[in-house]
There are 2 protein chains.
Amino acid sequence: MAEAVTADRAARSLQQLGYRLTPQRIMILEAVLESDDHVTAEELYEQVRVQYPHISFSTVYRTMELLRDSGFVTQTDLGGGRVQYHPVGKATHHHLVCQGCGSVAEVGEEIFTGLQQELRERHNFDATLTHFAIFGRCERCR
Amino acid sequence: MAEAVTADRAARSLQQLGYRLTPQRIMILEAVLESDDHVTAEELYEQVRVQYPHISFSTVYRTMELLRDSGFVTQTDLGGGRVQYHPVGKATHHHLVCQGCGSVAEVGEEIFTGLQQELRERHNFDATLTHFAIFGRCERCR
DNA sequence: TTCATTGCAAATAATTTGCAATCGG
DNA sequence: CCGATTGCAAATTATTTGCAATGAA
């Protein structure tokens, strides 16, 4: 029950960091935290626009930059021209993208535990392996 | 000595695939195969422009698409708004990008062997794990 | 000759930025 | 009140595309 960040808590933190709590920021914050998975700027824009049609893309982008720098979301660019935002503290999973048929399968984060351990032990590197896309060929396409 | 693809061999293969061998394609092909590592469209453009100032960006992009589809290069988008091209058959390595100090360390591909095997055995997925960037924190920044 | 390929210029598409108006603290 | 934040419109940047001219086979 105290695992993931709530919108309230995040909002308070932002305020303590010296940022102003505008309605736009709160709505964007709620939208991104509600998403169990990744969202794009466009999805956030559309979602917030339902309650607040006046919202602008610049505000979405600027707010996500702020949330990223404050550590509430991570930002991933897996190609395809759109950046993905992803709330921290939520269950992580990864994508297996087939370069043959384009299918996308999901796998849990335990896939990386071996790699992570090896990086830590042999390279003294503490890897943040959240939300990756792995390219290759699926069963059918091999 | 028969490990990496040479420009001549690749050119011949392209021809056999039914593509025309234009000087532009040959120059771009040589440029990308000469690079031990990744190159961007811009880098290829600049490099070819030295011998052939008339080259256009469209040709670079279209040629790289062709080389990618023919299997001579892989295309990776690690964010930052520029796609990276990378000749196949060259030694692969990966980057450990520290989110604290921005330092970049290199690690060999053997890092992924465990993961690759697991993906193959448990998920029937044949992963192409070439040229990755891994984010996290380096020794000093932890 | 003939059609694939090129170069140019214009089109896309995501993201960023300048600036005047607005509103949270 | 005052400066941080917003919305708009214009700018930026990488990449793509239409089309007429060109050149490889």
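Letters A, B, ... are given to chains in the order of the sequence lines, protein chains preceding strands, and every chain is numbered from 1. If you're wondering where the values come from, they're calculated on a predicted model, not measured in any experiment. Side chains are part of it too, since the values below use all heavy atoms of this structure and drop only hydrogens, waters and symmetry mates.
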What is the distance, to the nearest angstrom, from the [atom1] atom on [X] to the [atom2] atom on [N]?
| X | N | atom1 | atom2 | result |
| --- | --- | --- | --- | --- |
| B:Leu44 | D:dA14 | CG | C1' | 14 Å |
| B:Leu66 | D:dT15 | CG | C1' | 17 Å |
| A:Tyr45 | C:dT16 | OH | C1' | 16 Å |
| A:Ile55 | D:dC8 | CD1 | C1' | 13 Å |
| A:Glu46 | C:dA14 | CD | C1' | 14 Å |
| B:Arg82 | C:dA14 | CZ | C1' | 15 Å |
| A:Met64 | D:dT6 | CE | C1' | 17 Å |

Query raised in the report: For DNA chain D, what residues of residues 47-54 of chain A have any heavy atom nearer than 4.0 Å?
Result: A:Tyr52, A:His54
Report summary line: Within residues 25-33 of chain A, those residues having any heavy atom closer than 4.0 Å to DNA chain D are A:Arg25
Query raised in the report: In terms of side-chain heavy atoms, does B:Glu121 have a donor or acceptor partner in B:Gln117 at a distance below 3.5 Å?
Result: yes
Report summary line: Interatomic distance, CD1@A:Ile28 vs CG@A:Leu66, rounded to 0.5 Å, equals 10.0 Å
Checking [X] now: which residues fulfil salt bridge (charged side-chain N to carboxylate O under 4.0 Å, His left out) with it, not counting sequence neighbours?
| X | result |
| --- | --- |
| A:Arg122 | A:Glu118 |
| A:Glu34 | none |
| A:Glu110 | none |
| B:Arg12 | none |

Query raised in the report: A:Ala10: what forms a side-chain contact (heavy atoms from CB on, under 4.5 Å) with it, not counting sequence neighbours?
Result: A:Val5, A:Leu29, A:Leu33, A:Phe72
Query - side-chain contact (heavy atoms from CB on, under 4.5 Å) against B:Glu42, all qualifying residues, sequence neighbours excluded - result: B:Thr40, B:Glu46, B:Phe57, B:Arg82
Would you check if the side chain of [X] reaches a backbone N or O of [Y] as a donor-acceptor pair within less than 3.5 Å?
| X | Y | value |
| --- | --- | --- |
| A:Thr59 | A:Ile55 | no |
| A:Gln116 | A:Ala127 | yes |
| B:Arg20 | B:Gln15 | no |

Query raised in the report: Apart from A:Leu21 itself, what residues make up its hydrophobic cluster when side-chain heavy atoms of I, L, V, M, F, W and Y under 4.5 Å apart count as a link, directly or indirectly?
Result: A:Ile26
Report task. For each nucleotide in nucleotides 16-25 of chain D, reading 5' to 3', give B when a protein heavy atom comes within less than 4.0 Å of its base, S when such contact involves only the sugar-phosphate, and - otherwise. Result -> BBB----BBS
Requested in this report: Quick one: which residue pairs count as a side chain to side chain donor-acceptor pair (under 3.5 Å) with a foot in residues 60-72 of chain A, not counting sequence neighbours?
Outcome: A:Arg68-A:Gln75
Report summary line: Dot-bracket for DNA chain D, 5' to 3', Watson-Crick and G-U pairs with both distances under 3.5 Å, [ ] for crossing pairs, | for partner on another strand, reads |||||||||||||||||||||||||
